[in-house]
Amino acid sequence: MTNKKGFDRTESAEINEKTYNELIQVRREKLKDLKQTGVNPFGQRFEFTHRAKQLLDNYEDYEDKEVSLAGRMMAKRGHGKAGFANVQDGTAQVQIYSRLNDLGEEQYEIYKGLDIGDIVGVRGTLFKTRMGEVTVAVKELTLLAKSLRPLPEKWHGLKDVDLRYRQRYLDLIVNPEVKDTFVIRSKIVRAIRNFLVHRGFLEVETPMMHPIAGGAAARPFTTHHNALDMDLFLRIAPELYLKRLIVGGFDKVFEINRNFRNEGISTRHNPEFTMLELYQAYADYNDMMDITEGLIASVAEDVFGEANINYQGQEINLNSPWERLPMLEAVKRYSGLDFEVLTNADTAGNAVKKLGLEVEKSDGWGDILNKVFEEKVEPNLIQPTFITDYPVEISPLAKKKEDQPQLTYRFELFINGWEMANAFSELNDPLDQRERFSRQLDKRKSGDDEAHMMDEDYITALEYGMPPTGGLGIGVDRLIMLLTDSPSIRDVILFPLMRPRV
RNA sequence: GGGCCAUUAGCUCAGUUGGCUAGAGCACCUGACUUUUAAUCAGGGUGUCCCAGGUUCGAGUCCUGGAUGGCUCACCA
């Protein structure tokens, strides 16, 4: 502010300053004072000997020894010529005790001027107070970064969910359980990787920008490449690229990465979400059930030490084996309708209308079956359940069953009523695949903009020959919600999509 | 997109049937206090009551429209 040459910047800064509220202005004044006394409010690298959690957990090892640590000041209690404060680093909070006698006039003045939120480095000896709290008696204090804005309230934390998502860094600073959730998220993803790598799967990365959005029924985001003057889609699934790799001779591959779907937002849907997909040559959907069961139970064991979990008050037992229930049987069990008798779209449609469900003219037998399933069966599938043998109309990439060609070797896994995984014996007949894509194109023409596009390049790959293959997709965010007992997908995504603030 | 709900100080929240100059705690400022811990004690209120209209002598409060968010339904994993 004293720089005469920077006239414009100085002036606008001063105008801005007037609009800041008092709390921010006070901190800016302190910043100015610090600079004037020759203290750099935004310091350099600080070498510390310990992290807070180490000191708390192993107090006996460090008692009366000199330690140093760095972190953010989260609370401050003054006592005249001495004071306590809490410093929070990446591991925990530890108390520090600063006395005028130990620090000297100059440093103690700096300490007194510190605000909650400031980032400091301290060096001193470790002791326990009368009340038994592990504390660093500070000998030397270094300001590493001045904080110019007040933190949210110390006792209630930050509750406004809008602010929590938009300013996740504040959420992480003041709500410790949020940090825990994301640490667990990282552990879960690592456990998945370990599980698969140990079983010989190769992690690969396939394109996120697709000329044709395929591998799922969903509306894509569109974008544009300028140099090629080409429209592209953000991927809705990596499936077709991973199967090209199976054609190419990678027998076991997986990818954990983002998919993008241009659809509604809810507590279980974010436009970008993390998907695990894996493919294993010479395997089928039964093998995929074994892998799914093993993977989820083992991840829970790895991260929590047990496979019994509680989600929002609901006990869920992830120990294998899980029920494997053909869709036709599931529908019979929960709706009373027998689709082995209702063998065409008309009779099935009439029966379903009696249940109060709406049927479109374009719906085939399989679409109608699926509607009944979603409406009557899904909400009942709380404990892990594999629903097997999906109708061919809604499974354009799955191999038909040899004995029941209206069905496919496909399953979905349901836990807590949610679809958690989707898998099938992959369709490797290029002629059948072309036929399926054509049916999807018909659906597109009749207004279904989630139906599959024709992918000639993928069919060409199949024409070179793809071994019989089992493929599996698991919604990683939902798995994490379940395992961390989080009610909203936004609680397990660091920066969920939000409308920008005006 | 539909329905319901919310929006008041930096944060967490009160605010009655429409009625004085809009409140509390934390945070912040001044002073006291050298083992406190939601430190304490004395003093200080820092505000576009989400926005724009309207009704009224008078609106944080009632009405209309809008913004943002939450829940929920629809679509989807």
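Bear in mind the structure is a predicted one, so any value in this text is a computation, not a measurement.
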rU12(B) to rU55(B) separation - C1' atoms, rounded to the nearest Å = 34 Å
Pick the nucleotide of RNA chain B nearest each of His156(A) and Gln95(A); which residue has the one closer to the 5' end?
-> His156(A)
Phe273(A) aromatic ring stacked with six-membered ring of rA77(B), 5.5 Å and 30° = yes
Looking at every strand, decide which applies to Gly157(A) at a 4.0 Å heavy-atom threshold: base, sugar-phosphate, or nothing.
-> sugar-phosphate
Determine the contact category for Asn101(A): base if any of its heavy atoms lies under 4.0 Å from a base atom, sugar-phosphate if only primed atoms, P, OP1 or OP2 are that close, otherwise nothing.
-> base
Rounded to whole angstroms, how far apart are CD on Glu378(A) and P on rA77(B)?
-> 10 Å
To the nearest Å, how far apart are Leu151(A) CG and rA38(B) C1'?
-> 16 Å
Separation of rC13(B) atom P from Leu163(A) atom CG, nearest Å, is 11 Å
Under 4.0 Å between a side-chain N or O of Lys154(A) and OP1 or OP2 of rA39(B)?
-> yes
Determine the interatomic distance between P on rA32(B) and the same-named atom on rC20(B); round to the nearest Å.
-> 40 Å
Between the main-chain N or O of Leu114(A) and the side-chain N or O of Lys76(A), is there a donor-acceptor pair closer than 3.5 Å?
-> yes
Could you let me know what rG69(B) is paired to, Watson-Crick or G-U wobble, both distances under 3.5 Å, or none if it's on its own?
-> rC5(B)
Any side-chain donor-acceptor pair under 3.5 Å between Gln312(A) and Asp485(A)?
-> yes
For Asn270(A), answer base if it contacts any base atom (sugar-phosphate contacts may also be present), sugar-phosphate if it contacts only those atoms, and nothing otherwise; contact means non-hydrogen atoms under 4.0 Å.
-> base
Under 4.0 Å between a side-chain N/O of Arg499(A) and OP1 or OP2 of rU68(B), yes or no?
-> yes
Is Glu450(A) touching bases, backbone alone, or none of the nucleic acid, heavy atoms closer than 4.0 Å?
-> sugar-phosphate
How is Lys76(A) classified with respect to the nucleic acid when contacts are heavy atoms under 4.0 Å: base, sugar-phosphate, or nothing?
-> nothing
Under a 4.0 Å N-O cut-off, is there an ion pair linking Lys443(A) with Asp367(A)?
-> yes
Quick one: which of rG69(B), rA27(B), rU36(B) gets closest to the side chain of Val161(A)?
-> rG69(B)
Could you tell me whether the phosphate oxygens of rU37(B), OP1 or OP2, come under 4.0 Å of any side-chain nitrogen or oxygen in Lys128(A)?
-> no
So which nucleotide does rG31(B) pair with, by the Watson-Crick or G-U wobble rule with both distances under 3.5 Å?
-> rC41(B)
With heavy atoms under 4.0 Å as the rule, sort Ala216(A) into base, sugar-phosphate or nothing.
-> nothing
Interatomic distance at P, rG47(B) relative to rA38(B), whole Å = 30 Å
Quick one: Ile256(A) CD1 to rA77(B) P, roughly how many Å, whole number?
-> 20 Å
Closest to the Arg166(A) side chain, choosing from rC26(B), rA77(B), rG69(B) | rG69(B)
Are Arg410(A) and Tyr390(A) in a cation-pi setup, meaning NZ or CZ lies under 6.0 angstrom from the ring centre and within 45 degrees of the ring axis?
-> yes
Assign Gly475(A) to base, sugar-phosphate, or nothing according to its heavy-atom contacts below 4.0 angstrom with the strands shown.
-> nothing
Given atom CG of Asn262(A) and atom P of rG1(B), what is their separation to the nearest angstrom?
-> 13 Å
Please state whether the phosphate of rU35(B), meaning OP1 or OP2, lies under 4.0 angstrom from any side-chain nitrogen or oxygen of Thr135(A).
-> no
Looking only at atom P, what distance separates rU68(B) and rC51(B), rounded to whole Å?
-> 15 Å
For Arg268(A) and rC71(B), give me the distance from atom CZ to atom C1', rounded to whole Å.
-> 12 Å
Is Glu419(A) touching bases, backbone alone, or none of the nucleic acid, heavy atoms closer than 4.0 Å?
-> sugar-phosphate
Could you check whether Ser266(A) gets within reach of a base, just the sugar-phosphate, or nothing at all, counting any heavy atom under 4.0 Å?
-> nothing
Taking the C1' atom of each, how far is rG58(B) from rU17(B), in whole Å?
-> 15 Å
Using a 4.5 Å cut-off on heavy atoms from C-beta on, say whether the side chain of Asp455(A) contacts that of Met453(A).
-> no
Separation between the P atoms of rA22(B) and rC26(B), rounded to whole Å = 22 Å
For the pair Asp89(A) and Lys53(A), find out whether any cationic side-chain nitrogen is under 4.0 Å from an anionic carboxylate oxygen.
-> no
Return yes if a side-chain donor-acceptor contact under 3.5 Å exists between Tyr59(A) and Glu63(A), otherwise no.
-> yes
Rounded to whole angstrom, note down the P distance from rC50(B) over to rA6(B).
-> 12 Å
May I ask you to verify if any side-chain N or O of Arg149(A) is less than 4.0 angstrom from the OP1 or OP2 atom of rA27(B)?
-> no
Could you measure between the two C1' atoms, the one in rG19(B) and the one in rA67(B), and give it in whole Å?
-> 30 Å
Proximity to the side chain of Val26(A) - top-ranked nucleotide from rC75(B), rU36(B), rC29(B) | rC29(B)
Check whether any side-chain N or O of Arg77(A) sits under 4.0 Å from OP1 or OP2 of rA39(B), and answer yes or no.
-> yes
G-U wobble or Watson-Crick pairing nucleotide for rU17(B) (cut-off 3.5 Å, both distances) = none
Examine rC11(B): is either OP1 or OP2 under 4.0 Å from a nitrogen or oxygen in the side chain of Lys159(A)? Give yes or no.
-> no
Between Arg185(A) and Val492(A), is there a donor-acceptor pair closer than 3.5 Å when you use the side chain of the first and the backbone of the second?
-> yes
Please give, in whole Å, the distance from rA77(B) P to Arg261(A) CZ?
-> 5 Å
The side chain of Asp162(A) lies closest to which of these nucleotides: rU35(B), rC29(B), rG69(B)?
-> rG69(B)
For Leu23(A), answer base if it contacts any base atom (sugar-phosphate contacts may also be present), sugar-phosphate if it contacts only those atoms, and nothing otherwise; contact means non-hydrogen atoms under 4.0 Å.
-> base
